Structure formats: C-alpha cells, structure tokens
Amino acid sequence: MHPFEYARAGDAAGAVAALAGDPEAAFIAGGTELVNWLKDGIERPGRVVDINRLPLGQIEATSAGLRIGTLARMSDVAAHRAVRSGFPALAEALERSASAQLRNMASMGGNLLQRTRCPYFRAETDLPCNKRRPGSGCAAREGLNRTHAIFGWSDACVATHPSDAAVALRALEASVRVLGRGGERSIPLADFYRLPGDAPERDTVLEHGELIVGIDVPATPRARRSWYVKVRERASYEFALVSAAVALDLDGGRIREVRIALGGVAPMPWPLTEAERALAGLPLERAALARAVDGAFSEARPLARNAFKIALAKRTVVRALEIAGGMA
Amino acid sequence: MISVLAPPSRAIGVPHERLDGKEKVSGRACYAADTPAERLAYGVFALANIPRGRIAQLDVGRAEHAAGVLRIFTHENMPRLNPVSSPPAGQSLLPLQSDRIAYEGQPIALAVAATLEQAAHAASLVRAEYEREPFNVDFRTQLERAVEGQSFFESDTRVGDVERELAQAPIRIAQRYRTADRHHCAMEPSATVARWENGSLTLDDATQYVWGVRMAVAQALDIAPERVRVRSSYAGGGFGSKGYVWPHQVLTAAAARELERPLKVVLTRAQAFTAHGYQTASEQALDIGAERDGTLRAVRATSINPTSRFDDYVEYCALSARSLYAAPAIETRHRVVHVDRSTPTPMRAPHDGVAMVGLEIAMDELAYEAGIDSLELRLRNYAQRDPTTGKPFSSKELRACYRLAAERFGWSGRNPRPGAMREGRVRIGWGMATALMGTFRMPASARVTVESDGRVLIEAGTQEIGTGVRTIMPQIAADVLGVPIEQVRIALGDTTLPETGGTFGSSTTMSVGSAVLDAATRLRDELRELGAHEDEDLGAVLSRSGRTSLSADGAWSPGEEGDFSMHTFGAVFAEVRVDEDLPIPRVSRVVGAYSAGRIINPTTARSQIQGGMVWGIGQALLEESSMDPTLGRYLSKNLAGYLVPANADVPELEVIFAEEVDAHASPLGAKGIGELGAVGVAPAIANAVFHATGVRVRELPIRLEMLLA
C-alpha cells in the first residue's frame, strides 16, 4: 500500500477546501470501497480526508420526499420506516447489497461512487484497463466479458456500474446534492454518471474536490409502488449480473406512468425510456408487459460472452413490474 | 494386532463437541501467523505478471531505499538452493533461482522490512522488464497434445473387450463433461514464521504436513532434517493447499538464514491463487454401453487435465469408473496437457470428487435413455467386487446408503418427467448421485502418558486443520483407558513429537487414531500390570506404584492393501429450485447417507460431511478460477471474484451414516470422511437441474445462460 497522510475534516466546507488545494487527496467515509482501491493500487492518494464527523448522516422524510445525508449508512436507510413504506425499491436494493457488515459501514454517498467490478480493473496488479490506467487498453473488450455491458459501452471500456442503490435511485428520479468551492448544486442522477467514450477513467461528472452532501428522492406518485429485482448467482453478498428497478403509477389495472432503470448492463444505471413510453396505458398483463419491454432492447450491443443478458434483462424487468404491480 | 474395540464403547462413537472449540472462537488458538518473535521481520513477495519469459532487467533500487527495508531478495542475490523432490514439494520449480518465468504469479522478489506495511510497499516498488515468450495457458485448445503423465496411479486400465461391448450395446451414452479450475480458498492464507538459532531452524507454519515441510526445507537448504523443527498447532483450513510444500516456505527459511533474524511471510489472498497449486479443470469423455434394462456392458472413461510445463500432475478423473459399477468391460485413460501455469495440486475432493461429475451425470443420462429410475439403475449395476481388480471391497454399505438416503429424501415419490414438479413459477427438481472416494492410509506413531494427577497426554505430530483431531484422539484414548474425555489432551503439530503422516487424503482418524489406539492399549496393559483395576483413578495407581508418570509408545502401519479394494461410499440426493424466468438454480435440500467405516465422533463427522456438501454446492453452481487466455493471467484473485457459497446458498443438509466397521482398513474400524462429503453432490445437483428444467448440463459450474431457453 502506498503511504498516505490522514486528516479529519471539521466541516463540509473545510473538507472541500482540503481537497481543492491538493490534487492527490481523497475523501474517505465508510472506507468499504476506498480501502480496496488503496490495497489494490487502484488509487494512490497522498492524503485521505476523513469526513465521518461531518453532520451529514440524517434521513429525513417530508411530503416532498426523502433527504438522505451522504453519510447515512446503507443499513440505516434500508431500515428506515419511511423508506420501506414510501420507496420500497430503495430499501430492497440496499438490503440486497454487499453484506450486513459492509452495509453497516458503507455510506450512501460512497455507494454511488463505487467503481466497476470488472476483473481487469480490480486486478491486484494492473492488467490492461483504460479506466484504471488510461491508454493501456481494454482487456475485457475481447476478453472474459460475460459480466460486462450491453448498453453504453465504448471500445475504450465495456465495464458496468456495480451499485444497486443507484439503479433504484435512478428509477425513483433522485438527485445528488454536491458541494464544491462555488457552493452547492443539485445534479439529477440521470446526469450524474458519464458514459465511458474515450475517457472511461471518469465515472461521474463530479470535479475533484466536490463532495456529495446528500441524495434527494422526490415523492412521486410512482415511488410507493416501486421495486427492485436483483439477479445474481450467489444468493447473497454478490453483485448483480442483471438487476431492474421499476416505479409504477397505476390507474386501475393499467399503467399510467412508469420509470425503469437497469443495473449490471451498462456503465451507469440504464434507463429504459422506450419501454417506459410503450408501457404507458397497458394493462398489467404479463404478455403485454413482455412485448412492450422487448422493443426497448433493439439498441443493445452484446459482447462475445454476454448476449444472454438481453433475454435476462427483459425477464428481470417484467418480473419487477409484476412484483411492483402486485402480480407476482 | 489389536482388534476392533468391542462395544459398548464409552467414548468412541459418542457425539462430542470440539474440545478446542472455545479456544478457536475466542481467538486464543495460535495460528502460524500469530507466532511471536523478537526482532521479527516481514516479507512480501513481488510476483511476475507474465506467464512465460525471462527477466531482462529487475530494478530494485526504489524498493531497497524505501523506509524500513532490510533486504530485497531476487534471483540475483538469493543463495542457490537444492532442488526439492516431489513429494514433499508441490512443484519442482523453485523461484528466485534463475531469471526464467514459467507462470504468472511466480515470485520475482521477496521484499523484507521491519513492518508488514513497509515490506508490502517495497514489494510494490520492484520493477521488472521481461523478455516475453509465446505461451499457452488453455489446455482445451490443445487437447490433441495430451500425453501420459507420471503420478500416483496407473494412467490406463482395461478389463474386458470394451470395443465389442460398446458396439453391441443397444443403449449408448457418449458425452463430454467439463469441470472448472478451482482454488482451495482456505480461510487462513498460508503463513510461515522462520527462526534460526545456532544453525537450527524453527518454522511455525500453516501446513497439513509438518514432516513434509521439514524434509523439503532441509533438502533445499542442505541441512540435516534434525536441525529443522516444524510446528503447526492450528491451521485455518487446508483442503489440500497446505498439503505439499510450496516455494514460500522454503524461501522464507532461506531468507531468514541470510538475514540472521526471524522472518514472517503471510500470503495475500491474491497470492494464494498462484503460490500453491489449484484443482485443474477436466475434460472427461464417457462412453457407456448398456442393455435395455440398464445393465452396463461397458464403460470407457477418458480424462484430460492441464499441468505445468515442468511437472506432471494427473487429476484422475477416470478413476472412479474403475471401481464403482459392475461392468464386464471397463477402460480408463488419463492424459495431461502441459501449459504455462503453475503445478496443480490435490483439492478436496481430489480425483473422485471431480471424476464423479462426469460418471454420475452420464449415469443419469443412461437412466433417462433406458427409462429406468436413477436409483434403480445404480442398484442394477451394484458392484459386489471391484470390477477392475476383481478384489473384494474391504467394506461397503452402499446399498444401505441408497436405501437410507432415498427414504429420508422421499425419492420414491418422484415423478421422473422433467418439469413435473413446480410451485408457482419455480420448477423443482430432484437428482441423485453416488459418492465414491479412495482410501489413503499412512504410517503413524503416538505416545500416551498418564501424569501424576491422573490426566492423560497424547503426543502425536499430526496437524489440526479444522477436522476435529483435538477431540477425536482424546476420545480414542479415553475409551481405552476408561477416563472421561475431558481428562485427556493432545499435543500435536510438531516434528519433535512422534511422527505421523500428513493431514490429507482423509487419512488422519484411521492412521493416527490407530497409533493412539495402540499406544493407549499398551499403556492400559502396563497399568494393569501395576495392579490398576476397572475405573480406578489413574493418578492413584501411579502414586501407589511410586511413579510420577507412565508412558507407552504406539504405532500403526497400513501394511499391504493387497487383498482388498478400499473405498468409502455415499448416496446423495439433492433438491433444486429453478425460477422459470430467471433460471438460477438454488439448492433447497440435500440428504446424504455414507458408508465410511466406524464413525468415531458423530458430531464432528456430521460437520465434516456438511462442509464437504457445501464444497459440492460451490463446485456445481459457483466456483471457477477464470483465467484470461490472451494475457495468461488469472482474473478475480479474491473472494469477490471467486465465489464460494454463502450461508444463503446452503440449505438444510442431512447426513446419515450407515452402520459399518471396516476391520481391514484400520484396527479402529474407521475410514476417512474428510473428502467424501464433497463427492457426488455436484452431479446430484446437475441431475436435479435436469429434472427441474429438462436441460442437461454437462459443464460445471452451471451457469444461468445454460438454462435460459
């Protein structure tokens, strides 16, 4: 492990200032991700700024929605009564994440900033990976890419984003509140992640030194009838092969409006906009749902070893719709 | 020759919790890496990141100048060591002896510093430039290059006229089956602490075989074995990864000698993927001919596995076919393909645990082809004698196992039609398979002593790797001497104690247990000569005869196996649930009944078998060490990438032992159970998946995409 200094931030502005003056510095919250990067040499910060003492751990539920502090722990958010009743997709996504021990430590802000589980990126000594070492190539493009993207990838990077919570939050139309030197700004989750393009080393639109201070989830007509389905080979403590979050507004037995985001298939939570349009007005019937979802995959570009993800993702979306709609 | 203990027994066969359980769960048990030492230095290996070539240039300048660094050992300054024979060495290639790189992960330097963190950082600063050479790590692309390898057993066997029987058989199953590369992933990574004093070496080591380590290190370092003491009080699992001796043990001892101070090396999880062997993938071809009623006419089993360029390691994946089912013609053949990887090694359960995957899926295919119940097919082909050697089995209660497990599972209620059972959108499948495991026995010695307070001490050099030795051996001595088991303790894991074999091959209970039985029996006879009578306090006997202690040495050697075919057996039934849309198989029930000789401790035995079943679930559904063939490197060298079952993957596991005493295997009547539980589970699951879905999977682990119809 590369030697580094440790500092503790007294307030949010101080934390931002600490990073602004030091391009080699990084924030640490729960440490469940950063410590992995340190050990594997993925990041080599010269200084680690501990933000755990900042007063950003609140979970507030109002008529407008949820305000989740960046330091709220995953387990606390998942257990919160307002989250469970009003935003079930988020509670489900969190509870299907990681292990109980990790959920007790990991912060919500940090969760959104997880980096890909692509094995070429996560190697203990580096392998060709543009995300880890720009210009070194993407070994997964022609390599073992069973778990990789079918949407949104580029020749420079075919990795997927691993967060479960981000997928649920995307379907719940959440935004991320960010503090930088110029003050606070709100970024819809829809605009938060970047496609890899030619610069896969940047996962999000965050600038160096910007600190996520909170996550806002609006109380839409859809949030209460939301759900998350995670498909993985190990029954627990495993990232999604494919996952789907849906949020439904029903008009009797018909869908009035729906939001859908997929996990495990793209470099970011992947919105299924075409299916959202096609599903509006449809009855909650399996065959109808499946037909409407089908069309949304015409843009999918599978790699050599992951074509199965198309069929799997379609079925996962249908299952999530059925559960959210009370059919399964 | 001591006879089998006559029932009723006071301690043998009685369930007993682990005597060392509290020590382990409270953290008081001392593992190799916990060994304290003054002036202890820490070593961390830097590894090659190419599979084949030559080190052109090694830059250790930055590493040498990093804080706390004591020495950077490379092939340029590590003393030349003697080659070590295998066994006990796991592989013949010893790193840091030349500039040749023969596998990825081969150590190119050992950074030694005053702290672990400094050593790890220094290791990360070592820079190598290589002359790369063309390589091939993928045996499946070069099966035509398979050659005969030299190892433990015969490569090829043949009885009867296989060609003719196959040609005349009205039913023929000819298929290929594949298993994946797997790693042991013991909870405790290998660790070694080396200390030299006056030319003598003490190694505290995470090993399954202290004498093997002594032999290898003495040979490599050119010193007398008597000058090497190896200790292993506890090991956090081995599963074969610590059975042979691997380079880190030898190199740690050599580096400590150069440094003239104690040195500790603990492998990282990632290093554990290349620092010791792995279970090879296999390519198994089964060709089975049968009559319409399912009676076998011929079995031809062929197996190919990869090994390193420099050693032959044969995974005997056609071995089970030699002994399991009666057939007039049986042919088996093993070949290896040399690839640019490290040497494989046994892993729970070696040979039969892999071989039974192909054979038992093929038998299930035959059952469907012939329209016969899978269990009935096994019974119709039940072997009364070893069909290849013609020898009788030393004991075999497999028929009872089939009955006991089938009854418990409810097999008779099975509708064999695939897809016949479902609950809502979940398809349910029932599958079964036989388990067969070879019996390995080793010479052992032991000493049993009564002390003045009446307490009993067993001394035997054997290792405790989680199997229950610290409980089972006291049970045996307590039984013979008529004392409560709590009054007996064991000193083990030390080459200064009476010699035993390694803790592998499921051999410890019968081998070391028989030596303890012998020593305890001799001690009992001596006590009787002192006038001791039934249930008299042993301390009182000693003081009456003016002694402070009384010892007896015992030994046991398996002798010739000549007359018998020796195996353990089991019948495994599994239930799986497969969602019809999202078809990931989940195991919901496993029942296994076992024929494994006399069971010394039903509690630890059950635990052993259950652990093995979990291995079987991993083999069937999760475990695969993936290697990028273009880079020649393993991917995901961690427990997030190499998936072993979590608790949520493990359902209720029922274990039944058939009543059995194998007097031919050992005087205790016991055989081995450490590996048996890991056999038969994976094919039973694969067969259950077929029953649930109608999809016949011939490759493990079973992946969702194989079932996405």
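What you see below is based on every heavy atom in this structure, not just the backbone, and it leaves out hydrogens, waters and symmetry mates. Sequence lines set the chain letters: A, B, ... in the order given, protein chains first and strands last, and positions in each chain run from 1. All figures in this text were calculated on a predicted structure; none of them were measured in a lab.
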**Q** Treating R234(A) as the side-chain partner and D649(B) as the backbone partner, does any N or O pair qualify as donor plus acceptor under 3.5 Å?
**A**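 Looks like no, no N/O pair under 3.5 Å.
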**Q** Considering only heavy atoms, which portion of E238(A) lies under 4.5 Å from any heavy atom of chain B: side chain, backbone, both, or neither?
**A**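 Looking at E238(A), just its side chain touches chain B.
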**Q** Checking heavy atoms, do the side chain of V318(A), its backbone, both or neither come under 4.5 Å from chain B?
**A**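 Neither part.
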**Q** Hey, are R286(A) and D581(B) close enough for a salt bridge, meaning a charged N less than 4.0 Å from a carboxylate O?
**A**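 Yes, R286(A) and D581(B) are salt-bridged.
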**Q** If you count heavy-atom pairs under 4.5 Å between each of E142(A), R122(A), R319(A) and chain B, which one has the most?
**A**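 Result: the option with the highest number of such pairs is R319(A).
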**Q** Is it the case that over 12 heavy atoms from other parts of the model lie below 6.0 angstrom from the CZ atom of F297(A)?
**A**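 Yes.
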**Q** Any side-chain heavy atom of M627(B) sitting closer than 4.5 Å to one from L144(A)?
**A**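 No, every pair of side-chain atoms sits at 4.5 Å or beyond.
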**Q** Under a 4.5 Å cutoff for heavy-atom pairs, which residue among G641(B), A648(B), P701(B) has the most contacts with chain A?
**A**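 Of the options given, most contacts go to A648(B).
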**Q** Picking from N638(B), L635(B), D628(B), what satisfies side chain to side chain contact (heavy atoms under 4.5 Å, CB included) with P119(A)?
**A**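 Exactly one option meets the side chain to side chain contact (heavy atoms under 4.5 Å, CB included) with P119(A), and it is L635(B).
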**Q** Could you please spell out the steps behind the side chain to side chain contact (heavy atoms under 4.5 Å, CB included) verdict for I584(B) and R232(A)?
**A** CA-CA 8 Å; I584(B) 296 183; R232(A) 52 180 164 182; 5.5 Å; no
**Q** Among T147(A), D40(A), V231(A), single out the residue with the greatest number of heavy-atom pairs under 4.5 Å to chain B.
**A**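 So the answer, after comparing T147(A), D40(A), V231(A), is V231(A).
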**Q** Out of I702(B), L47(B), D579(B), L125(B), which one racks up the most heavy-atom pairs below 4.5 Å with chain A?
**A**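 Top option by heavy-atom pairs under 4.5 Å: D579(B).
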**Q** Could you pull out the closest heavy-atom pair between Y120(A) and L631(B), with the gap in Å?
**A**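 Looks like CE2-CD1, 3.8 Å.
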**Q** Checking E104(B) against chain A: side chain, backbone, both or neither under 4.5 Å from a heavy atom?
**A**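 E104(B) has no heavy atom closer than 4.5 Å to chain A.
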**Q** Please state whether the side chain, the backbone, both or neither of V644(B) comes within less than 4.5 Å of a heavy atom of chain A.
**A**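 Contact with chain A involves both backbone and side-chain atoms of V644(B).
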**Q** Relative to chain A, which of K637(B), E117(B), R586(B) shows the most heavy atom pairs under 4.5 Å?
**A**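 Greatest number of close heavy-atom pairs with chain A: R586(B).
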**Q** Once rounded to the nearest 0.5 Å, what's the spacing between atom CD of E233(A) and atom CG of L621(B)?
**A**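 It comes to 9.0 Å.
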**Q** Is it the case that over 12 heavy atoms from other parts of the model lie below 6.0 angstrom from the CZ atom of R103(A)?
**A**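 Atom CZ in R103(A) is packed in, count exceeds 12.
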**Q** Give, for atom CZ of R305(A) and atom CD of E705(B), the distance between the pair rounded to the nearest 0.5 Å.
**A**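 Answer rounded to 0.5 Å: 10.5 Å.
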**Q** Output, in order, the C-alpha distance, side-chain angles, deciding distance and verdict of side chain to side chain contact (heavy atoms under 4.5 Å, CB included) for E322(A) and R425(B).
**A** CA-CA 13 Å; E322(A) 289 180 297; R425(B) 293 195 193 168; 2.5 Å; yes
**Q** Counting heavy-atom pairs under 4.5 Å to chain B, which of R146(A), R117(A), H2(A) comes out on top?
**A**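 Ranked by heavy-atom pairs under 4.5 Å with chain B, first place is R146(A).
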**Q** Which one wins on heavy-atom pair count under 4.5 Å against chain A: N49(B), T630(B), L704(B), T268(B)?
**A**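 Highest number of pairs under 4.5 Å: L704(B).
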**Q** Working to the nearest 0.5 angstrom, can you tell me the gap between L643(B) CG and F239(A) CZ?
**A**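 One gets 10.5 Å once the value is rounded to the nearest 0.5 Å.
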**Q** Could you tell me which portion of L116(B) (side chain, backbone, both or neither) has an atom closer than 4.5 angstrom to a non-hydrogen atom of chain A?
**A**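 No part of L116(B) comes within 4.5 Å of chain A.
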**Q** As an exercise, state the distance from CD of E124(A) to OG of S124(B), rounded to the nearest 0.5 Å.
**A**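 So the gap between those two atoms works out to 12.5 Å.
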